[in-house]
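Structure, as structure tokens:
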Amino acid sequence: MGNWLLRLDRCGLVLLYIFLKTLQESGAGHIRYSVPEETDKGFFVGNISKDLGLELWELAERGVRIISRDRMQLFALNPRSGSLITAGRLDREELCETLSSCFLNIEILVEDTLKIYGVEVEITDVNDNAPSFQEAEIEIKVSEHATPGSRFPLPSARDPDVGMNSLQRYQLNPNSYFSLQMRGGTDGAKNPELVLEGSLDREKEAAHHLLLTAFDGGDPIHQGAVAIRVVVLDVNDHVPKFTQSVYRVSIPENLSSGTRVLMVNATDPDEGINGEVVYSFQNMEGKTSEIFQLDSQTGEVLIRGSLDFEKYRFYEMEIQGQDGGGLSTTAKMLITVVDVNDNAPEITITSSTNSVLENSPPGTVIALLNVQDQDSGENGQVSCFVPNSLPFKLEKTYGNYYKLITTRMLDREQVQSYNITLIATDQGFPPLSTETHISLNVADDNDNPPTFADSSYSVYIPENNARGASFFSVMAIDLDSSENSQVTYSLVEDTLQGAPLSSYVSINSDTGTLYALRSFDYEQFRDLQLWVTAQDSGNPPLSSNVSVSIFVLDQNDNVPEILYPTTPSDGSTGVELAPRSAEPGYLVTKVVAVDRDSGQNAWLSYRLLKASEPGLFAVGLHTGEVRTARALLDRDALKQSLVVAVQDHGQPPLSATVTLTVAVADSIPDVLADLGSVRTPGDPDDSDLTLYLVVAVAAVSCVFLAFVIVLLALRLRRWHASRLLQASGGGLVGVPASHFVGVDGVRAFLQTYSHEVSLTADSRKSHVIFPQPNYADTLISHDSCEKSEPLLIAEDSAAGLGNLNSRNNQQAPPNTDWRFSQAQRPGTSGSQNGDETGTWPNNQFDTEMLQAMILASASEAADGSSTLGGGAGTMGLSARYGPQFTLQHVPDYRQNVYIPGSNATLTNAAGKRDGKAPAGGNGNKKKSGKKEKK
């Protein structure tokens, strides 16, 4: 028996633990408080911060607040104490008039976590209402023949309080005819009844005055009273009787005012006034009387006010039927209100944001909302959604709360803002729906780099541009907004000719305008490539580059430079010889000039500006050759002065002049003899002039003899070196300096267009490269290019120099192999003009090609015996420009080389190697040969 009790105690403890645990878990999500009604504003309800587990400072920081769906806020949060307080006076009877227990539900929202806590507050009743009767006086008619024990219903008092504070008992003032008894109702309420204790005698007392008092159970006790006047009537022995003791009816809540609900009927078999039944409501509450109306004569019940299923779903009323004799009976009327889908869903935005950053991950919360429908059943079932065309959706969180989240990343460049439509629809028939709108702006994120319209730009700027002037502008577009779209421009660091790029060009960081910091020179550089960087102001910044190619256009800013004849340093003028036997067309000399410009600005033309003997000499328009225009006569003066002008074809054209002095004589002695014949015997100045001329001729002869000896020694040495190279098996012969040195610094030209030679001094081994000649760019004959010969020309050897005296005494006629053919003469491509007035090439490409052809021809003739005032092959450039002078930036002029004092022109190297006599001549070979021999 003891073991059984022990086991029973253990089971009880286990059950008690499970029960307490269940209570704890059920209360974890709900917080309950209790507060009495009729308290003042600010009354303490509960410590909400403690129950939520939050510190006081966290209430404001985490955005803790009350969510209320009612129009009137009943409670508030005290941020200082963290407690829940009342926001005004609470009246339990107003809030929960028909309920015995009054509970108010509120929600507490924690903003940062979007978590909601339910709080249930019970409003406890206080005895603030006294029992009251609906009527101030009650009149009861009683037949004098009423038997003792007859019962007469009395009106019930009404007390809105509940519990002990509600109506508890009735009391009737003491009298000898009537007593008070209680009758239980169907709803459990006790209704007072007046009981006849003795027989009435109308003749003794026609009316009795009573006082009915109602008491509640509060502290202190409140009471209410009503006066009762009992009228003693004559005999009426039939009581009215209703057709039904209980009337039941169901009506929809949307009935309009004046609609009939039902009709009650009571009959009385008495005649006359005792058989006439009058209908009235008994024990009706105040609000019920505002909704329903009873016709006292017909018993028809009508709708007086508006029904609302959400407020009152059921009505219970008592109808009394009383005849004219004072007899009455009662019947119950039960009215059930049927719900109608007359309430559209309500959407309440609890929390929302009006901006979201683009590229936010899917699932970002935009808003928190509550959806309610006051209907019941299917009419109160609500579905909420967002149109499918928008990148948003709704997710249910707690109760009727939904959160609006993104379904994908947003792009501000595609859509800058959204007008989100939220639709809530119930399941009623017909369904009702509600729409609300949320405006959402997409905040910009720096996800787009600046972009240029083109991948690269080409700019053309003439040389000699103004410093600091703008010449081009670039622009990049950034699709972002605000700071992310503010573009700054900069140049990528680079160098040009050893100087930083920033010293040539600068850029405006705001507008992208390019400025030239220097005046560009086409002769220094012709193009410039730079990179422009466009960078936005985002974090982190994004950038892109674009290539800008600057092409410098040539301007006619260089005057033609005359290379030959050169002006001696002592200021005198060189003298050219023209034999008196020269026929028309005899080549006297040649003016050589270059222009550092390019294209049309470098095309030169020659013309005779002034002559002491007009008509005697003519100048080639494009060659600069000075030839005799007619035969020389004895009357022609010994000394002829010519002024030749060289002009380019730029706009405007630039020109230079040179003065030539031509001595008309067959040889230098003839010059002296002619000078003697024209001398005035008695003039001492003429004798001095003769002496100076003799000394000058002797000095020139000595210098020429020394030059011949030195040249002979050099030729012998090179010939010996070539023999050593052949003996070593290299297959190479000595290469004369003129083949790769060229004309004082024009070595780069010869290496580029002719051949490249690399020799080591005093070495028997050398490295020689023979690139295939380009026949399209040179005038070397095709036969000579196909031959694989030593570089040393046989006629340039020392043995050849020794046999000069055994050659034909006549002067060799000009070789026409290196001259231009009729189609190769300067002029328009394909021109067949053979005169001196042929036009120049009409584009820069033809000009450069022509220069290359002339250069190749001149390189073949560079090993000739011409001396133009300088060393071998120098064309007189060393004396004027020094050994550093190059023609890399000027047109080639070797086609203009000639041998002063002779009408012989440079021969083709191929013709020399083949041992062929130069073709052509001017018909005066014998006489010219004699002159040369002298």
Residue Ile477 excluded, over 12 heavy atoms near CD1 under 6.0 Å: no
Whether Glu483 side chain and Gly538 backbone form a donor-acceptor pair below 3.5 Å: no
Val365 vs Leu404 side-chain heavy atoms within contact, under 4.5 Å: no
With Asn484 via side-chain hydrogen bond (donor to acceptor under 3.5 Å, both in side chains) - residues at least two apart: Asp444
Side-chain donor or acceptor of Ser439 paired with backbone N/O of Asn419 under 3.5 Å: no
Tyr401 backbone acceptor or donor facing Thr397 side chain under 3.5 Å: yes
Asn283 backbone acceptor or donor facing Glu318 side chain under 3.5 Å: no
Side-chain touch Phe309/Phe314, heavy atoms, less than 4.5 angstrom: no
Check: Asp161 side chain, Asn129 main-chain N or O, donor-acceptor pair, under 3.5 Å: yes
Asn448: which of Asp536, Asp480, Asp478, Asp411 passes side chain to side chain donor-acceptor pair (under 3.5 Å): Asp480
Inter-residue atom distance Gln134.CD - Ser156.OG, 0.5 Å rounding: 11.0 Å
Pairwise distance CZ(Phe281) to CD(Gln293) - rounded to 0.5 angstrom: 8.5 Å
Sub-4.5 Å side-chain heavy-atom contact between Glu38 and Arg89: yes
Any donor-acceptor N/O pair, Glu358 side chain to Arg412 backbone, under 3.5 Å: yes
Non-neighbouring partners of Ser49 that pass side-chain hydrogen bond (donor to acceptor under 3.5 Å, both in side chains), sequence neighbours left out: Asn47
Close side-chain approach of Leu104 to Leu74, heavy-atom, < 4.5 Å: yes
NZ-CD1 distance between Lys311 and Ile291, expressed to the nearest 0.5 angstrom: 9.0 Å
Salt bridge (charged side-chain N to carboxylate O under 4.0 Å, His left out) against Arg304, all qualifying residues, sequence neighbours excluded: none
Test side chain to side chain contact (heavy atoms under 4.5 Å, CB included) applied to Leu52 - qualifying residues, sequence neighbours left out: Ile31, Ile48, Leu54, Val64, Ile108, Tyr117
side-chain contact (heavy atoms from CB on, under 4.5 Å) assessment of Leu77 paired with Leu84: CA-CA 5 Å; Leu77 287 176; Leu84 181 66; 4.0 Å; yes
For Ser166, side chain to side chain contact (heavy atoms under 4.5 Å, CB included) partners two or more places apart: Gln168
Side chains of Ser355 and Asn441, donor plus acceptor under 3.5 Å: no
Main-chain N/O of Leu432 paired to Asp426 side chain as donor or acceptor, under 3.5 Å: yes
By side chain to side chain contact (heavy atoms under 4.5 Å, CB included) - contacts of Lys393 (at least two apart): Glu395, Ile405, Thr407
Heavy-atom pair of closest approach, residues Arg92 and Thr124: CD-C, 4.3 Å
Donor + acceptor pair across side chains of Gln372, Glu346 (<3.5 Å): no
More than 12 heavy atoms from other groups under 6.0 Å of CG on Asn388: no
Residue Asp112 excluded, over 12 heavy atoms near CG under 6.0 Å: yes
Partner set under side-chain hydrogen bond (donor to acceptor under 3.5 Å, both in side chains) for Glu61, not counting sequence neighbours: none
Any donor-acceptor pair under 3.5 Å from Ser547 side chain to Ser456 backbone: no
Under 3.5 Å: donor-acceptor pair, side chain of Asp216, backbone of His222: yes
Listed once per pair and sorted, the disulfide bond (SG atoms under 2.5 Å apart) pairs that draw on residues 99-135, sequence neighbours left out: Cys96-Cys102
Pairing residues for Ser470 by the side chain to side chain contact (heavy atoms under 4.5 Å, CB included) criterion, not counting sequence neighbours: Thr513, Tyr515
Asp447 versus Asn359, side-chain donor and acceptor atoms under 3.5 Å: yes
From CG (Leu440) to CG (Leu390), nearest 0.5 Å: 10.5 Å
Steps toward side-chain contact (heavy atoms from CB on, under 4.5 Å) verdict (Leu334, Val249): CA-CA 6 Å; Leu334 304 178; Val249 64; over 6 Å; no
Side chain to side chain, Ile123 and Val35, heavy atoms closer than 4.5 Å: yes
Test side-chain hydrogen bond (donor to acceptor under 3.5 Å, both in side chains) applied to Asn165 - qualifying residues, sequence neighbours left out: Asp125
Working for salt bridge (Lys or Arg N to Asp or Glu O under 4.0 Å), residues Glu122 and Arg32: CA-CA 8 Å; Glu122 180 183 9; Arg32 293 183 174 85; over 6 Å; no
Worked check of side-chain contact (heavy atoms from CB on, under 4.5 Å) between Leu422 and Tyr402: CA-CA 11 Å; Leu422 304 177; Tyr402 295 83; over 6 Å; no
Pairing residues for Tyr457 by the ring pair (Phe, Tyr, Trp, His ring centres under 6.0 Å) criterion, not counting sequence neighbours: Phe472
Flag side-chain contact, heavy atom, 4.5 Å: Asn539 against Asn446: no
Gln535 backbone acceptor or donor facing Tyr489 side chain under 3.5 Å: no
Residues that Glu378 engages under salt bridge (charged side-chain N to carboxylate O under 4.0 Å, His left out), provided they are two or more places apart: none
Ring centroid separation Tyr418 to Phe392 under 6.0 Å: yes
Stepwise salt bridge (Lys or Arg N to Asp or Glu O under 4.0 Å) check, Glu111 with Arg62: CA-CA 6 Å; Glu111 188 80 27; Arg62 300 184 63 179; over 6 Å; no
Thr336 vs Ile251 side-chain heavy atoms within contact, under 4.5 Å: no
Close side-chain approach of Phe452 and Val474, heavy atoms under 4.5 Å: yes
Residues Val110, Leu114; criterion side-chain contact (heavy atoms from CB on, under 4.5 Å); working and verdict: CA-CA 5 Å; Val110 181; Leu114 294 180; over 6 Å; no
Rounded distance [0.5 Å steps], CD in Gln282 versus CE in Met317: 13.0 Å
Ser376 versus Asp339, side-chain donor and acceptor atoms under 3.5 Å: yes
